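Each remark here refers to the structure printed beneath this line.
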Amino acid sequence: PAENFAIKTGTHPALTTAKNIKNMRKQIQSLGFSYDWDREVVTSDPKYYKWTQWIFVQLFKHGLAYEAFAPINWCPSCKTGLANEEVVNGKCERCGTVVTKKQIKQWLVKITDEKYIERLLHGLDKLDWPENIKHLQRNWIGRSEGASVKFKLEKADEYIEIFTTRPDTLFGATYIVVSPEHPLVHKITTPEQRRAVGKYQIEATRKSDLDRTDLAKEKTGIFTGAYAINPANEKKIPIWIADYVLSTYGTGAIMAVPAHDERDYAFAKKFKLPITQVVAPLFENTTDLKVRMDLPIETRRLIYGIVRNPKDNTYLCLDWPDQSWGSFVVGGIEDTEGPVDAAEREILEETGFKNLKFVSEVEWQVHTKFFAPHKNENRYGIAVGVVFDLLDQRQDPVSEEEKKKHTVRWISKSKVRDFVTHRNAKFIWDNYLHPSAFSGDGVMVNSGKADGMDSVKFKEVIVDKLDALTCKDKKTCLIVHGIGGHDQENWFPWLKKELVKNCWEALVPSMPETDHPSLGLWNDFLKKKSIQINEQSVLVGHSLGAPAVLNYLQLTGTKVDTVILVAPTNPLQHWESLKKDFAQADWDAVKKMSDEKNFNWKKIQRLAKRFIIIHSDNDPFVPVESISFYKERLPSAEVYLFSGKKHFSKSNGDMTSFPEILKFFPMQSAGASRTVNYKLRDWLFSRQRYWGEPIPIIHCEKCGNVPVPEEDLPLELPKVKKYEPTGTGESPLASIDKWVNTKCPQCGNKAKRETNTMPQWAGSNWYFLRYCDPKNEKLLADPEKLKQWLPVDLYVGGAEHAVLHLLYARFMYKFLYDIGTVPKECGDEPFTKLKNQGLILGQDNQKMSKSRGNVVNPDDVIKEYGADAMRMYEMFMGPFEDAKPWNTNGIVGMSRFLERIWQWGNTIVSLLAKGDQRVLVQNEGRKRILHQTIQKVTEDIENFRFNTAISQLMIYFKEVTVQGKVLAAEFLMTKEEFEIFLKLLSPFAPHLVAELWEKLGHQDMVDFEPWPVAEASHLQVSEISVAVQINGRVRDQLTVPAEASEEAVLKLALASDKVQKWLGGKKPKMAKYIKGRIITIAV
RNA sequence: GCCGCCGUGGCGGAACUGGUAUACGCGACGGACUUAAAAUCCGUUGGCCGCAAGGCCGUGUCGGUUCGAUUCCGACCGGCGGCACCA
């Protein structure tokens, strides 16, 4: 805003900012807030932003700040990029212009980094923050668990990976949709479709987010011409492009399940794509039987209830009872049809129900009275039935009592679909309504072997068992380990899992089953498990498993597809070291198996179509030389030599970070795995504006992006005359050659400075750290000082910061904690307790805004009523955290109250000045109310209940001043009493109290006085007033001794005339005294 | 649409873990002071019936739990806020 204003008026933003700060400081001071101005910081001051830049450099060095060429929200009016958070309803938060998109190279901060995102989420649990704010943040982070599934393309050796939270509906995925920006689009589009697809892509980028996300709009999309294979049922499904799929969420691609997702449903309807239902709603128990009322009359009577009887697993079909139609009419048509007929029965049986029992209409009569349309046409009746007697085939009627339990509930039209009671009744589904998709849980149908399984359960198993459910002609992979078993613990299970996902039958004989890897005894293992190794199979041998695999091939003469030797050991070559390292091995067997004489290499070579040797030049156990041994003997083998420590960092077996190995397995289907996705996007950390902190990065052709050396910070903004946005998307800084051109700090060659600046948030998300040590020139802040102050005990701010500032600040703090800037003692959460002050609305109960003309200027209020009245009235208006409308009339009450205190105080002061030392005779009642007030005000302040604290001060003042006769000559308050009252008042009305305090002759300020303490001895009461309740109604008041026993009090109560009157001579059934509260009597 | 929060006099709002609903303030009405008005001070103020004593009804609606519900439970109605094609 400062920059916008500066551009408009032609003054430098530094000047306007300074002016605004001055003005704001004056306003704050005029309200009497006791801030420590010595610690004031200004985020646009180079002394401050030196450290913002320093933080950025650290983020960069830790790989958390990155440059990306990505579409950004672009405000055509402000000519600047906007963070997602700055876009409200598709419009620019600042100027209200509709936001479009632009491709610009951006700096982003990786707040979605694995290392932080879960901590940002779970860190909330232990914080003392308002629940709604925590909820908002969790929502914003938007964690959702699901599965990522790879769909193989029909014609290319490529996969499209999708994310879904409903893997259980995989069988119902009838097409795939990718976002227009998806990287595979150009690859998969067929020549015939290329033109149309290109056109659609261009249209999509032109569309603003507002257009794209307008839910009312019809779905748009285009077919790519390509197909993918649904790994569940191996069906060929088309791949479409549509902008209802967001490129920024998940993988930018979805499997569309139109039967169970509203968006997919709408899309499928429009483009006439197939809809397959795979989850059937089911009501396990009878109490939930619901009736769908939005079906056409002729359909409605068809079937309206299917209930599973858990006892014998039969299904009960409930036909619509004729009699019921008499009781209500929908759409003016009365039903005249009879019970289930043969045709209907057929439809039902088509749906896959095996054990159907039809319940006659007679048994249903009892329910009919519960069905009725609502007076509101959009609502439908739901019968909560008594089907348990139907399950039991009970004939006797339902008792009155039972009937009473059943009520008619009304639900909105849109919810009706959740209560669809037919199951897989395709006829109804296709021909009538199906107004939208059913997205609930139920029972699997049309899902191969999973049919009949609970969908929630299926969701759990499908990801792991994708193969077992679907894969035909499974390929077998036999993985043979070497000596030592590292591989078994580490990468074999990983490899096995990966293969299983891809429809492989992966076998890893464990040590006890084979005795020893090298013995080839896994022959027995194969026999035992009756596993067939055939031409489709792949054999993998690791280390000493490699010669074992070859031995097996030769002995059995089995032909296989591929043999993969991973870091194969040549035992003959390093016999001695092997013997030393693995003393327990059966060396005779190994020797026999791997004896050179046993191998007929030519024969072996014929048995596998393909030999692959994988090795690392960094394997501590298997020297690279052994590769040449195998390569010499198996000339057709392909050798892949990986280098680098990463593959073998833990042991000779840890290959989990070796995903390349998967390339050598032909995938017949695609895989699935559990994944987590987040709605949260990375933090856009650059703006194309002048007024911000320069991003301390230098672009060097040779070295790439190099941070400005820390000793050169701060990197100050150059003083310029023009700072209007260029409009091209570039920062105004880009046109200042003198500033842009520089030398690379690493190689000294010519280089260019980054010209984007940091956003406002950058500096204001860590200021509380700087408050601890605002003038430190060597460090961001002295760790000792941080230890002393942090974390922030209480953070008061507006709820509008719930997700922006508070999330970013938490991220920055966690980062600084991780790199040690924030000492460990401070913890990794910056704000222990958070309170949101409520917004003060305009008199019209609307947010204050210039355009509405309902703005109340505090300066004016202070001028008229004074700062104390203003402060106190704001506090008195209502609960601290609630929004409430301002009412200028109300402030006069507060003004009067303060006025009276002032008059009263002056009276006391003048009496004291006259030497009048009259002191009121000590009265227990006065003492009590004083101490009650001390107690209540103290407690209320601690709990942010300022409104009731002030109310108590008013009660006290009224009580102890003689009926408001302020100027009465009687001196009714001792100096001591008055001073205690002033102390209690001082946080609320500091100016008034300071003045009176001085008049009372004090040298020091009241602020340094200790806070009054309520003394228990003065709070005790000897007698209390207790109400007497007879049958729950208050009938009398009794004054009883505070410590009286129940017995004594009840005796007193029963002696009262009024009580006797209400008892009317009857004996009480029950009489109790809840001590100090109430006497209750029941007759 | 989804999620979250909230419904108490003419108004802002009190009522602690279920225990005398409407504290405190504003407004309104009546009175005192004043030639008059303002300011100040005193009193009344949930609704209905009643001369009165007193009674009945009352915390969005309906129902439940309880000796007793603004408070707890269920359903509904209304309002506010957040997110919004998040798969």
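Since we're looking at a predicted model, the values are computed, not measured. Excluded from the calculations below are hydrogen atoms, water molecules and symmetry mates; all remaining heavy atoms, backbone and side chain alike, are included. Within every chain, numbering begins at 1; the chains are lettered A, B, ... in the order of the sequence lines, protein sequences first and strands thereafter.
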Hey, which sits more toward the 5' end of RNA chain B by its nearest nucleotide, A/Pro879 or A/Thr251?
-> A/Pro879
Main-chain N/O of A/Leu1063 paired to A/Arg1035 side chain as donor or acceptor, under 3.5 Å = no
Which part of the nucleic acid, if any, lies within reach of A/Asn947 when heavy atoms closer than 4.0 Å are counted: base, sugar-phosphate only, or nothing?
-> sugar-phosphate
In whole Å, what separates the P atom of B/rA84 from that of B/rG13?
-> 29 Å
Rounded to whole angstrom, note down the C1' distance from B/rG50 over to B/rG55.
-> 9 Å
As its Watson-Crick or G-U partner within any shown strand, both distances under 3.5 Å, B/rC41 has B/rG31
Sugar-phosphate, base or nothing in reach of A/Thr164, heavy atoms under 4.0 Å = sugar-phosphate
Side chain A/Lys270, main chain A/Lys219, donor-acceptor under 3.5 Å | yes
Nearest-Å distance once atom P is located in both B/rA28 and B/rG19 = 35 Å
Check whether any side-chain N or O of A/Arg1033 sits under 4.0 Å from OP1 or OP2 of B/rC57, and answer yes or no.
-> yes
Rounded distance in Å between the P positions of B/rC33 and B/rA21 | 40 Å
Contact class for A/Arg143 vs. all strands (heavy atom < 4.0 Å): base, sugar-phosphate, or nothing?
-> nothing
Taking the same atom, P, in B/rG43 and in B/rC26, what whole-Å distance lies between them?
-> 14 Å
Quick one: which of B/rG12, B/rC3, B/rA87 gets closest to the side chain of A/Lys884?
-> B/rG12
Report yes if a side-chain nitrogen or oxygen of A/Arg945 is closer than 4.0 Å to either non-bridging phosphate oxygen (OP1 or OP2) of B/rC16; otherwise report no.
-> no
Base B/rG19 paired with A/Gln1029 side chain (donor-acceptor, <3.5 Å) | yes
Choosing from B/rC67, B/rG19, B/rA87, which nucleotide comes nearest the side chain of A/Asp261?
-> B/rA87
Could you label the plane-to-plane angle of the A/Tyr873 and A/Trp886 rings as parallel, tilted or perpendicular, counting under 30° as parallel and over 60° as perpendicular?
-> perpendicular
Can you check B/rG9 for me, syn or anti if syn means within 90° of 0?
-> syn
Counting any heavy atom closer than 4.0 Å, what does A/Lys679 reach on the DNA or RNA strands: base, sugar-phosphate only, or nothing?
-> base
Nearest-Å distance once atom C1' is located in both B/rG30 and B/rA69 | 38 Å
Sugar-phosphate, base or nothing in reach of A/Trp886, heavy atoms under 4.0 Å = nothing
Return the orientation label for the A/Phe957 and A/Phe897 ring planes: parallel under 30°, perpendicular over 60°, tilted otherwise.
-> perpendicular
Contacts of A/Pro885 and A/Ser1025 projected onto RNA chain B by closest heavy atom; the upstream (5') one is A/Pro885
Sugar-phosphate, base or nothing in reach of A/Leu136, heavy atoms under 4.0 Å = sugar-phosphate
For B/rG1, the Watson-Crick or wobble counterpart (both distances under 3.5 Å) = B/rC83
Side-chain N or O of A/Arg896 closer than 4.0 Å to phosphate OP1/OP2 of B/rU40 | yes
What interatomic distance, in whole Å, is found between C1' of B/rC77 and the corresponding atom of B/rA32?
-> 50 Å
For B/rG4, does OP1 or OP2 lie under 4.0 Å from any side-chain N or O of A/Trp140?
-> no
Classify the nucleic acid contact of A/Gln1037 as base, sugar-phosphate or nothing, counting any heavy atom under 4.0 Å across all strands shown.
-> base
Nucleotide of B/rU17, B/rA87, B/rG12 approaching A/Met877 most closely (side-chain heavy atoms) | B/rG12
With respect to the side chain of A/Val1034, which nucleotide from B/rA21, B/rG55, B/rG13 is positioned closest?
-> B/rA21
Are the side chain of A/Ser895 and the backbone N or O of A/Ile891 linked by a donor-acceptor pair below 3.5 Å?
-> no
Partner of B/rG7 by Watson-Crick or G-U wobble geometry, both contacts under 3.5 Å, or none?
-> B/rC77
Should the pair A/Lys679 and A/Tyr249 be classed as cation-pi, given the thresholds of under 6.0 Å to the six-membered ring centre and 45° from the axis?
-> no
A/Asp125 atom CG: more than 12 heavy-atom contacts under 6.0 Å | yes
Under 4.0 Å between a side-chain N or O of A/Thr948 and OP1 or OP2 of B/rA23?
-> no
What interatomic distance, in whole Å, is found between P of B/rA15 and the corresponding atom of B/rG4?
-> 26 Å
Complementary nucleotide for B/rC51 - Watson-Crick or wobble, under 3.5 Å = none
Using a heavy-atom cut-off of under 4.0 Å over every strand shown, decide if A/Thr248 touches base, sugar-phosphate, or nothing.
-> nothing
With both distances under 3.5 Å as the test, what is the Watson-Crick or G-U wobble partner of B/rA15?
-> none
